[in-house]
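Have a look at the structure below, then the notes.
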There are 2 protein chains.
Amino acid sequence: MDAIERPGSAQERTVGRILTAAARLFAARGLAGVGLREITAEAGVNLAAVNYHFGSKERLLEALFLRRARPITEERLRLLALCREAPGRPPMLEQLLEAFLRPAFSLGLEAGVDGATFGRLRARLSVESEDLYRRILSQAFNASTRAFLDAVAAALPDLPRAEVEWRFHFMLGTMIYTMADSGRIQSVGDGLCRPGEVETALARLVPFLCAGFRAPPT
Amino acid sequence: MDAIERPGSAQERTVGRILTAAARLFAARGLAGVGLREITAEAGVNLAAVNYHFGSKERLLEALFLRRARPITEERLRLLALCREAPGRPPMLEQLLEAFLRPAFSLGLEAGVDGATFGRLRARLSVESEDLYRRILSQAFNASTRAFLDAVAAALPDLPRAEVEWRFHFMLGTMIYTMADSGRIQSVGDGLCRPGEVETALARLVPFLCAGFRAPPT
DNA sequence: GTCTATACAGTGATAGAC
DNA sequence: GTCTATCACTGTATAGAC
């Protein structure tokens, strides 16, 4: 426990270098496109170091993911605590969705070297049904997401709980697909929608989703 | 040209058996989780047959995908031609979204042995930004999707084109994330939203999305 | 043309020496 | 703890049989 916590120790240096190299390479060329040998070469460590410190390539990915996900959860909860009904402020629902979505976009898409494609990584994990990935996402996001689900339900007291969950699910879909920025809409449309533009995406998403949430129940 | 078209020929039999086996195995265990040796063993053909007939594992996937995607496109265009404004019918926007979404769900999620997880496969491809996958999706869906994008824009004459494209993009996100059925919402909510239920999903999606499309432009 | 057997260069993982 | 050597396995390529 001591060695892994003390910054500057040989072990911590090795782990950090692996994480940095892996983040850069995964971002540049995707998960399957880069091998352990390339990661360890760039990090200047031995091939076996990855399996020694992380256990497997997949668990290296997990460590990488959790390191970037935590700030999102924390910022979400911080913003949630600031939401309140008051004259001159937007309606509660708008505040909640903004507080939920903004950290995912601002911290997930633009912060730091590996942030540029953390959104893509997250999107890939989010459409996978494999157990490992579900576990990673739950571990990273369940706490904050559940809090927002309940807050949205409270802000829409006339909407049955099942409908709230469905619409929340739809919101997750729009968020994740936008973060993935796959280029699909550019290929089908006239290029007027560019999901990579964070502020534009948020400004379009919130009114769209709020209108959907407020639709009469079926 | 003759041999590949005549059903029952030795070649057609081999190709068909590979496609069937690959569809089942990809569906069961994902794309990376199954090797060529397992596919060829189940199909009762030689290992090299895949590369001989398809060129690579990825192009096998492409053939598989296009085979199942074509009926979706055709059914969409058939339903689009039936949409019209008339007394006693739902508003045009509702008709359009229903015509766009229903074939993706009904043909993509439940028809045939490999249909059960064609939706998952499609979702995985849809969040990928790699060129091959973008090409596959364009080839499969651009014709029908573009037609619907224009029809929706015509049904919402007061909405700027950019806004239409953004909201259409959001719709794609809800559709794809629902088809992926990753289990995420069940893990965060109370299990009241089960994206695998096609009719329920459609009944919830259409009003939600129509309300979003009709939100005032920002 | 179709199919087979086999070889090849690459992967992630690991046992055991130091 | 770290490294070397090696393992079992992957997708792909090819030479040659039918």
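Below, read A as the first sequence line, B as the second, and so on, with proteins coming before strands; counting in each chain starts at 1.
Rounded to an integer number of Å, the gap from CG of A:Leu36 to P of D:dA8 is 19 Å. Distance, B:Leu31 CG to D:dT10 P: 14 Å, rounded to whole Å. Rounded to whole Å, the distance from CZ on B:Arg59 to C1' on D:dT12 is 14 Å. When the P atom of D:dG1 is taken as reference, atom CD of A:Glu12 falls 13 Å away, rounded to whole Å. Protein atom OH of B:Tyr52 is 14 Å distant from nucleotide atom C1' of D:dA17, rounded to whole Å. Put simply, CD1 on B:Ile18 is 14 Å from P on D:dG11, counting in whole angstrom units. Straight-line distance from the CZ atom of A:Arg13 to the C1' atom of D:dG1: 13 Å, rounded to whole Å. Taking atom CG on A:Asn51 and atom P on C:dA13, their separation rounds to 5 Å, with Å as the unit.
Counting only distance, with no hydrogens or angles, the side chain of B:Arg29 and the backbone of B:Val34 share no donor-acceptor pair below 3.5 Å. The backbone N or O of B:Phe213 lies less than 3.5 Å from a partner atom in the side chain of B:Arg167, making a donor-acceptor pair. Although no hydrogens or angles enter the test, the distance criterion places no donor-acceptor pair under 3.5 Å between the side chain of A:Ser187 and the main chain of A:Gly183. Within the 3.5 Å criterion, the main-chain N or O of B:Asp181 finds a donor-acceptor partner in the side chain of B:Arg120. At distances below 3.5 Å, at least one donor-acceptor pair connects side-chain atoms of B:Glu165 with backbone N or O atoms of A:Asp190.
Axis angle across the helix from C:dG1-D:dC18 to C:dC18-D:dG1, with five pairs used at each end and values rounded to 10°: 10°.
Take the nearest nucleotide of DNA chain D for B:Ser56 and for A:Leu47: the residue whose nucleotide is more 5' is A:Leu47. Each of B:Gly44 and A:Lys57 lies near DNA chain C, and the nucleotide nearest B:Gly44 is the one positioned closer to the 5' end.
The base of C:dG10 lies outside donor-acceptor range of the side chain of A:Arg37, with no N or O pair under 3.5 Å.
Side-chain N/O atoms of A:His53 include none lying less than 4.0 angstrom from OP1 or OP2 on D:dG1. An OP1 or OP2 oxygen of C:dC3 is reached within less than 4.0 angstrom by no side-chain nitrogen or oxygen of B:Asn46.
A donor and an acceptor atom, one from each side chain of A:Thr174 and B:Thr174, are nowhere located under 3.5 Å apart.
A:Trp166 and A:His169 have perpendicular rings, their planes meeting at more than 60° on a 0 to 90° scale where under 30° would count as parallel.
In this structure, B:Thr14 reaches the sugar-phosphate backbone alone: every heavy-atom distance under 4.0 Å involves primed, P, OP1 or OP2 atoms, never a base.
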